J.: 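Have a look at the structure that comes next, please.
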Amino acid sequence: MSRSIPFLELAPMHRDLADELKAKFAALLEKGLFSGGEEVEVLASSMQEFLKVPYAIPCANGTDALELALRALEVGPGDEVIVPALTWVSTAEVVKMVGANLVFCDVDADGLMDLTLLPSVISPNTKAVIPVHLYGKMMDMKSLAAIAQKTGIKVIEDAAQAFGAFQGGKSAGAYGDIGCFSFYPTKNLGALGEAGMLTSHDGGLSERLRLLLNHGQPQRDVHELIGRNSRIDTLQAAFLNVKLSYFTPWQQRRKALAKLYLDHLQHLKGIKVPSSILQENHNAHLFTNQTNQRDALKECLSKKGIGTAIHYPLPVPAMKPFGEIDAFPVAARIGKTTLSLPLHPYLREDEVRYVCEEVQRFFNKA
Ligand SMILES: *Cc1c(COP(=O)(O)O)cnc(C)c1O
């Protein structure tokens with residue numbers, strides 16, 4: 001019997017929530033309210049409570065959040081910003097967008113910025129570092145904060161993949177000067193379109209971020225800064241308010257499915273599973289493995305109807321717009337060996353078992 005297990009399936013979740021989501025849409029349509037308003041304020045305050053941060057500032061998307069963070073910290077031409085060599089391209093793009101110089105740091109075996117290398121790439125021109133909680137696994141933020149403090153550099157956390165991860169009781173995004181989140185539809189908490197958010201502990205910085213994302217306007221017809229329009233869409237804020245109330249059970253579901261994967265695959269020779277995925281500081285965003293037979297495994301699973309994804313095939317510095325630089329061996333190796341298996345709250349246990357059986361069959365045959 002041939003099966004179809006897509007890498008990610010959002011339709012069943014939205015079928016479950018359809019009545020509530022449609023009611024939100026109907027209410028806003030009736031009001032004619034499409035920008036700002038109560039839903040945006042409710043989202044900000046719910047997020048402050050959920051993440052235990054004093055300031056949460058919804059915005060248009062995660063990439064804008066990162067760029068706004070750099071602008072709020074006045075990072076620009078002549079400044080250097082350190083980003084990991086392996087990440088979604090946004091983390092590096094925004095540094096170029098504000099005119100600063102990009103400095104890459106190679107990653108560790110888990111794909112996170114290698115903190116043993118970080119001090120060697122910090123220079124007198126370094127203004128900020130952007131750690132990325134890749135796959136949903138948090139960086140060691142205590143150690144990073146210690147390095148940043150000693151060298152006087154700012155920390156902007158790219159927590160786009162890590163909503164719902166906590167370390168020592170503190171949320172991803174709550175350690176840095178500014179935390180950046182994305183609610184792109186495929187993230188653990190996804191909008192029905194584009195959305196993002198910034199967090200901070202600093203009231204002044206938060207106010208600056210709020211101004212920057214709304215034309216520098218504290219109120220209508222008053223402009224204090226050169227800003228832009230990076231406001232969240234009211235509809236997306238409303239949809240996120242619905243979805244946030246389901247987030248905790250979805251996370252429990254992700255963890256239970258991740259455990260099922262680990263139970264079946266962790267002793268298998270030839271594949272390295274994400275062994276820390278059940279910890280609190282991992283939000284189980286992606287079940288990302290490493291194997292030297294990546295391409296063959298991907299092909300084999302695809303023939304069995306199982307969708308997989310590669311996060312990410314190329315280190316950012318190796319991409320064309322970044323100069324095709326091949327100087328980050330760990331990031332490059334992960335690019336060739338990494339494979340993510342399906343993991344989302346609406347995946348069924350029998351589907352995970354089927355994926356595990358096929359992975360086992362592949363390695364036992366090899
Ligand atoms: C998704 C993502 C972003 C960008 O978020 P958007 O909302 O798509 O702009 C940034 N960094 C990382 C690591 C991401 O995964």
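Computed from a prediction, not measured in an experiment: that's the story for all the values here. Just so you know, ligand 1 is whichever comes first in the structure, and atom 1 is the first atom listed for that ligand.
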J.: Could you walk me through whether Val352 and Leu343 pass the side-chain contact (heavy atoms from CB on, under 4.5 Å) check?
T.: CA-CA 8 Å; Val352 172; Leu343 180 61; 6.0 Å; no
J.: Considering only heavy atoms, does Lys187 approach ligand 1 within less than 4.0 Å through its side chain, its backbone, both, or neither?
T.: side chain
J.: Give the numbers and elements of all ligand 1 atoms closer than 4.0 Å to a heavy atom of Asn61.
T.: 7 (O), 9 (O)
J.: For the residue pair Pro54 and Gln48, what are the closest heavy atoms and their distance?
T.: O-CD, 3.5 Å
J.: Using heavy atoms and a threshold below 4.0 Å, how should the contact between Val132 and ligand 1 be classified: side chain, backbone, both, or neither?
T.: side chain
J.: Show me which atoms of ligand 1 lie under 4.0 Å from any heavy atom of Gly62.
T.: 5 (O), 6 (P), 7 (O), 9 (O)
J.: Based purely on interatomic distance, does Asp158 place a nitrogen or oxygen under 3.5 Å from a nitrogen or oxygen of ligand 1?
T.: yes
J.: For ligand 1, is His133 a contact, meaning one of its heavy atoms is under 4.0 Å away?
T.: no
J.: Of Ala195, Ser182, Pro185, which has the heavy atom at the shortest distance from atom 6 (P) of ligand 1?
T.: Ser182
J.: Hey, does the Lys NZ or Arg CZ of Lys24 hover above the aromatic six-ring of Phe239, less than 6.0 Å from the centre and inside 45° of the axis?
T.: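 No, Lys24 does not sit over the ring of Phe239.
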J.: Do side-chain atoms of Asp19 reach the backbone of Leu21 as a donor and acceptor pair under 3.5 angstrom?
T.: no
J.: Would you call the rings of Phe7 and His311 parallel, tilted or perpendicular, where under 30° means parallel and over 60° means perpendicular?
T.: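 Ring orientation, 0 to 90° scale: tilted.
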J.: Starting from atom 3 (C) of ligand 1, which protein heavy atom do you reach first, and at what distance in Å?
T.: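 Checked against all protein heavy atoms, atom 3 (C) of ligand 1 sits closest to Trp88 CD1, 3.5 Å.
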J.: Mind checking whether Gln161 has an N or O less than 3.5 Å away from an N or O of ligand 1?
T.: yes
J.: Does either side chain, that of His344 or that of Glu9, offer a donor lying less than 3.5 Å from an acceptor on the other one?
T.: no
J.: Just wondering, more than 12 heavy atoms not from Glu280 lying within 6.0 Å of its CD?
T.: yes
J.: Could you check Met47, Lys187, His285 and say which one makes a side chain to side chain contact (heavy atoms under 4.5 Å, CB included) with Phe163?
T.: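 Among Met47, Lys187, His285, the one that satisfies the side chain to side chain contact (heavy atoms under 4.5 Å, CB included) with Phe163 is Met47.
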J.: Within the 4.0 Å heavy-atom shell around Ser90, which atoms of ligand 1 are there?
T.: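 Going through ligand 1 atom by atom, the ones under 4.0 Å from Ser90 are 3 (C), 4 (C), 10 (C).
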J.: Heavy-atom pairs closer than 4.0 Å: do any link ligand 1 to the side chain of Thr63, the backbone, both, or neither?
T.: both
